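Letters A, B, ... are given to chains in the order of the sequence lines, protein chains preceding strands, and every chain is numbered from 1. Since the model is a prediction, treat every value here as computed from it, not as a measurement.
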2 protein chains.
Amino acid sequence: MGRWEPNARGRLEEAALALFTERGFEQVTVAEIAGRAGLTERTFYRHFADKREVLFPDANPLVTGFDKALEEAPDTAEPMATVSVVLDAVAAFFEGRHDYSRRRHAVVAANAELRERESIKLSTLAESLAEGLRKRGVAEPAASLAAESGVAVFKVAHAQWLAESEPRDLGVLMREALAALRDVTGAG
Amino acid sequence: MGRWEPNARGRLEEAALALFTERGFEQVTVAEIAGRAGLTERTFYRHFADKREVLFPDANPLVTGFDKALEEAPDTAEPMATVSVVLDAVAAFFEGRHDYSRRRHAVVAANAELRERESIKLSTLAESLAEGLRKRGVAEPAASLAAESGVAVFKVAHAQWLAESEPRDLGVLMREALAALRDVTGAG
DNA sequence: GGCCTGATGTCAGTTCCTGACATGAACCTT
DNA sequence: AAGGTTCATGTCAGGAACTGACATCAGGCC
């Protein structure tokens, strides 16, 4: 057995989500989170750059799956086809996580600082997606527009999925949103 | 003459932009900004909710013009037509502000916290736009998708405009981006 | 003249976050 | 097995962001 309890990072994430759920983000101090995880405040900041980041881990299965799907997507001249493949991978990630996603979303939605962090994380994903498209030969501004559109589709479908108590398949919702986007932009 | 110098808020905004340009956002304290404006730190926080907000005033001509255009846009069944009208108003706002926009953009781009704030402000604009479309009878998810697409078009065109030393007309760039968006989504 | 208003100042305190240094079990080397 | 190294964690001190409570005082109002 190691000197320290294993998975300090995971314990901090769990402690944080539990405390934020109970009392809200602002009403919880970093020292409390660390204490609940059997650690000190200073150690918290060795694992996370700031208090909010504990809810948005850099290395998480969503981002990993996203990057992998983006890399492995077949080459095609149609940027939205690549976007669609990546969105499928994202949908797969959320499979079986509806309850957890809702609890987490409640915490984030209740706090402006956390909504801000979520917003920039989505922007970062859009930028990754645009970069991936450029590497596949898609020119600007098509690459950025396709990437931003993809994130918009995700946002809309994800919000719909979260709102449903008996959720339909996120992949289906995304494909519907993608079709709706085509209608909206194409008809204008 | 009043007891205090007029336009405390404006003086704080000017002092902040000047100092941030000289030394960067992180290297400037709120006390310094206030001092340069002939005020105290506490007064700064009476005008702005936090340090970043001094660069993103709530009541500014961009938001005002945006809201006005959204309200006055003619009714139409085509959401992207409404979006287009609003984008024209936004383009008009930036007329003659190329140099200022570039200086300001340099400050924001250099700092993660400021990029975060900018990101959430754009999300808020998208939400306003979606709400405006809903009020005009556009159903979900079309309203949200049209709004997010509009913001994506703005982002792309604005970035292009900022990058040009001899800037073309932002309205033209936006219309081109809108056409490119149609191509990208429609062809998929 | 006296009272009220409202922007500002003063002050104390909490929390976030960081740098510098200390600790000690696990591991490696010889 | 002795001794040195590694590295996650602890301890401590401090700066800066932000907030609540109360004081000040010019200008307007009765």
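- Spacing between atom CZ of A:Arg52 and atom C1' of D:dA17 amounts to 12 Å, rounded to whole angstrom units.
- Within the cation-pi definition used here (under 6.0 Å to the ring centroid, within 45° of the axis), B:Arg104 qualifies as a partner of B:Phe56.
- OP1 or OP2 of C:dT8 lies within a sub-4.0 Å distance of a side-chain N or O belonging to B:His47.
- In this structure, A:Phe44 atom CZ and D:dA8 atom P are separated by 17 Å, rounded to whole Å.
- Each of A:Leu173, A:Leu181, A:Val83 was compared with A:Val153 under the side-chain contact (heavy atoms from CB on, under 4.5 Å) criterion, and only A:Leu181 meets it.
- For the residue pair A:Ser123 / A:Glu127, no side-chain donor-acceptor distance below 3.5 Å is found, with atom types taken as modelled.
- For the pair B:Arg46 CZ and C:dT5 P, the computed distance is 17 Å after rounding to whole Å.
- Linking ILVMFWY side-chain heavy atoms closer than 4.5 Å, directly or via other members, places B:Leu129 and B:Val138 in a single hydrophobic cluster.
- Computed from coordinates, the A:Leu114 CG to C:dC16 P distance equals 12 Å when rounded to whole Å.
- Closest to the B:Glu41 side chain, of the nucleotides C:dG9, C:dC16, D:dC18, is D:dC18.
- Using a 4.0 Å cut-off, some side-chain N or O of B:Tyr45 falls inside it from OP1 or OP2 of D:dC18.
- Rounding to whole angstrom units, CG of residue B:Asp50 and C1' of D:dC18 are separated by 9 Å.
- Within residues 11-39 of chain B, the residues approaching DNA chain D are B:Val28, B:Thr29, B:Val30, by heavy-atom distance under 4.0 Å.
- Checking D:dA17, C:dT10, D:dT9 against the side-chain heavy atoms of B:Thr40 singles out C:dT10 as nearest.
- If you take CG of B:Asn7 and P of C:dA7, they are 14 Å apart, rounded to a whole angstrom.
- Residues satisfying the ring-ring contact (aromatic ring centres under 6.0 Å, His included) test with B:His158, not counting sequence neighbours, are B:Phe94, B:Phe154, B:Trp161.
- Taking atom NZ of residue A:Lys51 and atom C1' of nucleotide D:dA17, one finds them 13 Å apart after rounding to whole Å.
- As a whole-Å value, the separation of A:Glu113 CD from D:dC18 C1' is 11 Å.
- Inspection of the A:Thr82 and A:Glu78 side chains reveals no N or O donor paired with an N or O acceptor under 3.5 Å.
- Crowding of A:His105 atom NE2: a count of heavy atoms from other residues, nucleotides or ligands under 6.0 Å not exceeding 12.
- Side-chain contact of B:Thr185 with A:Ser149: a donor-acceptor pair under 3.5 Å is absent, judged by distance alone.
- Listed for the B:Arg117 side chain is no donor-acceptor partner under 3.5 Å among the backbone atoms of B:Arg52.
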Extract from the structure each pairing of a protein N or O with an N or O of nucleotides 12-14 of chain D at less than 3.5 Å, listing the distance.
none

